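Computed from a predicted structure; not experimentally measured.
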Amino acid sequence: MNQNSSVAASILSDAAQQNYPVSALYVLATPIGNACDITLRALHVLAIADAVACEDTRNTSQLLQRYGLSKQLVAAHEHNEREAADKIVERLRAGQRVALVSDAGTPAVSDPGARVVDAVRAAGLQVVPLPGASAAVTALSASGLTDERFHFAGFLPSKARQRETALQELAAMRAALVFYEAPHRIVETVQAMLQVFGPERRVVLARELTKLFESIHRCALGEAPAWLEEDANRQRGEFVVLVEGAPATDGDEADAERVLRILLEELPVKQAASLAAQITGKKKNALYDRALEIKDGA
């Protein structure tokens, strides 16, 4: 056995020796594109699970076959999730382990799964999360957007007026905005964002993440529609769209200063800056530097 094989065997052994209780639902992330992005712990749970609850039995069957696994599958999609949840609870009460997966990524994040988890918890049974692939976090990590917070908005409404209303509600938010979008709506969605958010904000268009034709493009919102229209291939695949948060205004700065000064009267610098950041949405490091200046009499 070579060194790499020895390391892999050791890691798999560690995964196998962890505690995997029966009568538990395992919420398990699957790859969003690249089949190698499954975790070793997830593979072990899939191997020992009595059944796999899934969004689409055909997709999950193909996924399991890639890893040399075959399991009893239970359909749990948006049209039958409540009924499926009852059946899963019955299985857990009988002492089974059930793995919950979606077609790709982490269940219950703009995918079915939340109602199943809710039913299992309501029944007093255990839920075990297995972290892994998430399109939203994958795109954020490569975006270069520096907002300290992000707001996951998922899919916008398909109708124009409802979509505009949803975007207007997010326009003033001081956090990076994360959306999912289908290829046939990407152009009109970006145009709607341009109308609501204006041309200056940066947008990141991430498509086909972890796949062969992965593309992550960042530009000003005012440039995004033309970039998409230049090449039809840029409109293909599932999208994660990220828009940087609303810029600070003079009123925001004054409010942050006022909050910081009040907190400094009662709290140490570090704690005051941290709490002021939570209250105002301003960056903690900047507030910390300003708090030091205030303490020094600047």
Apply the test side-chain contact (heavy atoms from CB on, under 4.5 Å) to residues Glu164 and Arg161: give CA-CA distance (whole Å), side-chain angles for both, the deciding distance (0.1 Å), then the verdict.
CA-CA 5 Å; Glu164 181 180 354; Arg161 183 169 296 180; 5.7 Å; no
CZ of Arg41 to CG of Leu130, rounded to nearest 0.5 Å, is 4.0 Å
Run the numbers on Lys283 and Thr146 for side-chain contact (heavy atoms from CB on, under 4.5 Å), then give the verdict.
CA-CA 10 Å; Lys283 292 185 177 180; Thr146 56; 3.6 Å; yes
So which atom in Tyr67 and which in Pro31 form the shortest heavy-atom distance, rounded to 0.1 Å?
OH-CG, 3.5 Å
List the steps and the verdict of salt bridge (Lys or Arg N to Asp or Glu O under 4.0 Å) for Glu90 and Lys87.
CA-CA 5 Å; Glu90 289 178 10; Lys87 295 178 182 178; over 6 Å; no
In the single-linkage hydrophobic clustering (I, L, V, M, F, W, Y; side-chain heavy atoms under 4.5 Å), do Leu221 and Val241 co-cluster?
yes
Go through Arg163 and Glu188 one step at a time and tell me if the salt bridge (Lys or Arg N to Asp or Glu O under 4.0 Å) criterion holds.
CA-CA 10 Å; Arg163 180 172 56 229; Glu188 63 187 70; 3.2 Å; yes
With no hydrogens and no angle check, is any side-chain donor or acceptor of Glu181 less than 3.5 Å from a backbone partner on Phe155?
no
Are Ile294 and Leu292 connected in the hydrophobic side-chain network, where two residues link if heavy atoms are under 4.5 Å apart?
yes
Do the charged groups of Arg234 and Glu230 touch, with an N to O distance under 4.0 Å?
yes
Given 3.5 Å as the limit, does a donor-acceptor pair link the side chain of Asp111 with the main chain of Ala108, or not?
no
Begin with the C-alpha distance, continue with both residues' side-chain angles, and end with the deciding distance and a verdict on ring pair (Phe, Tyr, Trp, His ring centres under 6.0 Å) for Phe152 and Tyr180.
CA-CA 9 Å; Phe152 178 71; Tyr180 288 163; 5.1 Å; yes
With a 4.5 Å cut-off on side-chain heavy atoms, are Pro199 and Leu194 touching?
yes
How close do Val240 and Ala136 get, heavy atom to heavy atom, and via which atoms?
CG1-CA, 4.4 Å
Find out if a path of hydrophobic residues (ILVMFWY) with successive side-chain heavy-atom gaps under 4.5 Å connects Val127 to Tyr20.
no
Which heavy atom of Asn233 sits nearest a heavy atom of Arg236, and at what distance?
OD1-NH1, 3.0 Å
May I ask you to decide if Ala42's main-chain N or O and Thr39's side chain share a donor-acceptor pair within less than 3.5 Å?
yes
Any side-chain to backbone donor/acceptor pair from Thr189 onto Ile186? Under 3.5 Å, distance only.
no
Rounded to the nearest 0.5 Å, the OG1 atom of Thr57 sits from the CD atom of Gln72 at a distance of 12.0 Å
Distance (rounded to the nearest 0.5 Å) between Asp86 CG and Arg115 CZ
12.5 Å
Has the side chain of Ser141 got a donor or acceptor atom that lies under 3.5 Å from a matching backbone atom of Thr138?
yes
Check this for me, if you would: do Arg258 and Asp255 make a salt bridge, where the nitrogen-to-carboxylate-oxygen distance has to be below 4.0 angstrom?
yes
Distance in Å, Thr280 OG1 paired with Leu260 CG, rounded so as to fall on 0.5 Å steps
8.5 Å
Could you tell me the separation between the OG atom of Ser23 and the CZ atom of Arg93, rounded to the nearest 0.5 Å?
10.0 Å
Determine yes or no for a side-chain-to-main-chain donor-acceptor pair under 3.5 angstrom, with Arg201 supplying the side chain and Glu244 the backbone.
yes
Closest heavy-atom contact between Gln96 and Ala51?
OE1-CB, 4.5 Å
So if you build clusters from Ile, Leu, Val, Met, Phe, Trp, Tyr with side-chain heavy-atom gaps below 4.5 Å, do Leu267 and Tyr288 land together?
no
Short side-chain to backbone donor-acceptor contact, Asp147 and Arg149, under 3.5 Å:
no
Where is the tightest heavy-atom contact between Leu92 and Ala24, given as atom of each residue plus distance?
CD2-O, 3.3 Å
side-chain contact (heavy atoms from CB on, under 4.5 Å) between Val178 and His151: does it pass, once the steps are laid out?
CA-CA 6 Å; Val178 185; His151 175 82; over 6 Å; no
Using modelled atom types only, decide if a donor and an acceptor are shared between the side chain of Glu229 and the backbone of Pro225 within a distance under 3.5 Å.
no
Can you list the steps and then say if Glu257 with Arg290 is a salt bridge (Lys or Arg N to Asp or Glu O under 4.0 Å)?
CA-CA 8 Å; Glu257 177 87 5; Arg290 179 55 186 152; 2.8 Å; yes
Shortest non-hydrogen contact from Ala166 toward Leu156
CB-CD2, 4.0 Å
Rounded to the nearest 0.5 Å, what separation is found between the CZ atom of Arg97 and the CZ atom of Arg91?
14.5 Å
I would like to know whether Phe179 and Leu167 meet side-chain contact (heavy atoms from CB on, under 4.5 Å); could you show each step before the answer?
CA-CA 11 Å; Phe179 305 90; Leu167 291 173; 4.0 Å; yes
Treating Asn80 as the side-chain partner and Ala75 as the backbone partner, does any N or O pair qualify as donor plus acceptor under 3.5 Å?
yes
Donor-acceptor contact below 3.5 Å, side chain Thr210 vs main chain Asp37:
no
Is there a path from Trp227 to Ile216 through hydrophobic residues (I, L, V, M, F, W, Y) whose side chains come within less than 4.5 Å of each other?
no
With side-chain contact (heavy atoms from CB on, under 4.5 Å) as the test, pick out the partner of Leu125 among Ile88, Leu25, Val98, Val120.
Val120
